[in-house]
Participant: 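One structure coming up, written as structure tokens, with questions to follow.
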Amino acid sequence: MTEIITLDHITKRYGGRTVLRGICHTICRGDALAFVGHNGCGKSTILKVIAKLVRPTAGKVIYHSPLLFHYIPEKFPPVSLSAREYLLRMGALSGMRQDEAVHRIRMLSEDFFLEELLDSPMQSLSKGTLQKVGVIQAILKRPDVLLLDEPLSGQDAASQSVFIKKVNQLQEEGVTVFLAAHELKLVHAVAQKAYTIKDGLLAVYVPQETPFYRVLLEGNGTEKEPEGMTRQGRYHKLRLAEAECDGLLPKLLSQGWKIRGMEREDT
Amino acid sequence: MKRIVELSNYQLRVYFKSSRFVMPFIVTVVFLAVLYSSRPVSIESSFALTCFLLFGVMAWAGYTFPSGEDTVMEQILFLRVKSGLIYYAGKSVALAAAAVLLSGFGILIPGVQWLLHGGMFFDRAAEVSDLLAALLLFPACSFAGGALGGLLHPVVIPERKCASLLTTLFVLLSVIRGPLVREIPFLRALFWVLPPVEGAASVYMGTQDALPARLTGYFAALFLYGVVYCVVKSLICFYKKI
Ligand SMILES: Nc1ncnc2c1ncn2[C@@H]1O[C@H](COP(=O)(O)OP(=O)(O)OP(=O)(O)O)[C@@H](O)[C@H]1O
Ligand SMILES: [Mg+2]
């Protein structure tokens with residue numbers, strides 16, 4: 001494994017608040033790391049520090065060779081161009097030939113169901129569509145490092161799975177991936193290692209030992225709510241440990257409750 | 001080099017598709033149209049006025065230029081070109097190109113009038129040296145103005161009200177610096193930071209001795225001031241933001 005980036009005692013303070021506290025870490029080519037954690041814990045900050053977009057208050061980021069970073073931000077901003085023109089210009093900036101860029105843009109916009117919207121001005125695109133333009137600009141040309149900051153925000157399910165496939169493919173080709181995300185589905189689909197940032201320190205993220213499940217139930221209005229059940233829209237929500245599920249759920253079903261959804265809780 | 005050109009190309013595209021450029025350009029065209037609406041026009045004074053106009057309008061355009069920048073998009077561009085040098089050079093080249101474009105009006109409008117009137121438009125016969133002076137000093141004044149306006153970038157002075165006042169002050173002081181220094185000589189020690197537009201605008205008045213040398217001198221000086229402003233701004237932005 002070739003080492004490409006070393007974080008050497010990185011500390012980042014904003015005002016009086018320490019967001020990152022002396023983080024040391026070495027990243028190898030082809031690694032795929034994810035950062036998870038609460039809002040404001042420093043996920044975006046660490047991505048920007050790694051790319052040297054933000055200068056750490058103390059410590060150094062060392063690249064062992066020159067690296068090309070491409071970046072999908074949390075909120076991709078529109079510019080006063082059409083999506084196609086923007087992407088063509090980005091291709092040219094990346095040193096792609098015109099025909100090569102045109103071809104890539106056509107392929108990727110088909111993959112992401114975007115062909116018809118390519119010629120609309122970016123300012124008129126919906127949030128999810130705009131985010132797709134952000135995704136395409138980042139994978140137009142293969143970078144050395146891909147920074148993904150909640151890359152899927154607002155995208156439809158089909159585009160999400162296309163995106164996951166593309167990122168996995170790039171990673172097999174040796175692209176190093178950093179991901180900041182809340183959706184654990186995405187974290188599991190993309191990253192080999194996940195970290196949480198807690199009190200400014202990196203900790204290996206361990207999924208819960210005994211998972212909990214969130215169950216959505218529908219009643220006919222006459223059943224008495226069992227303890228711990230809360231209303232959620234037109235349904236009722238129940239949070240159960242794995243071991244409880246098999247015993248309690250059949251009982252509820254026999255009382256006339258209907259299961260409308262079940263989801264593993266992963267935080 | 002290719003990346004610098006591509007980046008400045010991109011910047012100009014985005015700029016001219018936005019509404020930021022409209023007002024400065026309209027003001028320039030209207031002002032020039034009025035200036036050259038009645039015959040006969042004095043070459044010397046219209047030359048001086050055009051220099052000041054281009055300087056001031058480009059300062060305005062350079063000042064408003066970054067208001068359309070989005071931090072995140074700038075970060076994407078910065079990473080894409082891989083180098084701060086290319087990134088900031090690309091922006092400066094875009095500014096210079098916009099300056100050249102704007103100063104084109106300063107030559108085009110009187111040029112058209114001159115052609116329409118069969119060469120009988122100015123108070124004296126126009127000479128090649130007049131065209132040469134315009135070709136050299138109009139773009140130079142525009143560029144110096146644009147760079148001066150861009151100097152107080154939001155990253156340099158986040159307080160925009162203060163920045164706009166300072167920019168206006170700098171522009172005015174540059175324009176009246178000659179008479180001011182003659183009245184109060186010690187101001188010379190402060191005013192060297194401002195570009196010599198006043199001198200360039202009046203290069204024509206009075207003696208015609210060594211005109212080509214003085215023209216190139218002013219051109220070089222204004223260009224250099226512009227470059228230095230761009231470098232200073234880029235360095236401050238680079239160290240403050242990143
Ligand atoms: N430019 C800035 N100036 C001041 N404080 C900042 C700045 N950028 C980030 N912060 C602070 O640093 C902390 C970490 O921010 P960051 O954006 O990294 O969080 P995050 O983990 O990405 O959160 P989210 O899940 O909401 O995206 C926050 O408390 C934020 O307020
Ligand atoms: Mg974030």
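In this text the structure is predicted, and so the values were computed from the model without any measurement. A, B, ... follow the sequence lines: proteins, then strands. Residue 1 opens every chain. Values reported hereafter were calculated over all heavy atoms of this structure, with side chains retained and with hydrogens, waters and symmetry mates removed.
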Participant: Could you pull out the closest heavy-atom pair between A:L68 and B:L79, with the gap in Å?
Facilitator: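 Reported closest heavy-atom pair: CD1-O, 3.8 Å.
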
Participant: Answer yes or no: is there a side-chain heavy-atom contact under 4.5 Å between B:L77 and A:M90?
Facilitator: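 B:L77 reaches A:M90 side chain to side chain.
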
Participant: Report, by ascending residue number, the residues of residues 69-76 of chain A in heavy-atom contact with chain B at a distance under 4.5 Å; give 'none' if the set is empty.
Facilitator: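 Those residues of residues 69-76 of chain A which have a heavy atom under 4.5 Å from chain B are A:F69, A:H70, A:Y71, A:P73, A:K75, A:F76.
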
Participant: I need the minimum non-hydrogen distance between A:R55 and B:F238, along with the two atoms involved.
Facilitator: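 Looking at all heavy atoms of both residues, the shortest contact is NH2-O, 3.3 Å.
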
Participant: Taking CZ in A:R13 as the centre, count heavy atoms belonging to other residues, nucleotides or ligands within less than 6.0 Å. Is the count above 12?
Facilitator: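 Result for CZ/A:R13: open.
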
Participant: Nearest 0.5 Å, what's the NZ-OG distance between B:K82 and A:S94?
Facilitator: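 Atom-to-atom, B:K82:NZ and A:S94:OG are 10.0 Å apart.
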
Participant: For A:D144, check salt bridge (Lys or Arg N to Asp or Glu O under 4.0 Å) against everything at least two apart and list the hits.
Facilitator: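 Listed in chain order: nothing, the list is empty.
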
Participant: Is chain B contacted by the side chain of A:Q123, its backbone, both, or neither, given a heavy-atom distance below 4.5 Å?
Facilitator: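 Neither part.
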
Participant: Check the pair A:K52 / B:F78 against side chain to side chain contact (heavy atoms under 4.5 Å, CB included), numbers first and verdict last.
Facilitator: CA-CA 10 Å; A:K52 296 194 181 175; B:F78 191 92; over 6 Å; no

Participant: Counting neighbours of CZ on B:F223 that are heavy atoms of other residues, nucleotides or ligands and sit closer than 6.0 Å, is the number greater than 12?
Facilitator: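 Counting neighbours around CZ of B:F223, 12 or fewer heavy atoms of other residues, nucleotides or ligands fall under 6.0 Å, so no.
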
Participant: Can you measure from CD1 (B:I4) to CG (A:L93) and round to the nearest 0.5 angstrom?
Facilitator: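 Rounded to the nearest 0.5 Å, the CD1-CG separation comes to 11.5 Å.
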
Participant: In the structure I gave you, are the side-chain heavy atoms of A:L81 and B:Y10 within less than 4.5 Å of one another anywhere?
Facilitator: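 A side-chain contact exists here, since the closest heavy-atom pair is under 4.5 Å.
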
Participant: Is the count of non-hydrogen atoms from other residues, nucleotides or ligands lying under 6.0 Å from A:H25 atom NE2 greater than 12?
Facilitator: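 More than 12 within 6.0 Å, yes.
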
Participant: Please determine whether the number of non-hydrogen atoms from other residues, nucleotides or ligands lying under 6.0 Å from atom CD of A:E173 exceeds 12.
Facilitator: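 Count over threshold, so yes.
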
Participant: Taking B:R80, B:E6, B:K17 one by one, which has the highest count of heavy-atom pairs under 4.5 Å against chain A?
Facilitator: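 Ranked by contacts with chain A, first place is B:R80.
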
Participant: Let me confirm one number: the CE-OH distance from B:M73 to A:Y86, rounded to the nearest 0.5 Å.
Facilitator: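 So the gap between those two atoms works out to 3.5 Å.
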
Participant: Is B:V14 in contact with chain A via its backbone, its side chain, both, or neither, using a 4.5 Å heavy-atom distance?
Facilitator: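 Both the backbone and the side chain of B:V14 come within 4.5 Å of chain A.
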
Participant: Are there over 12 heavy-atom neighbours, none belonging to A:H64, within less than 6.0 Å of that residue's NE2?
Facilitator: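 Check passes, neighbour count above 12.
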
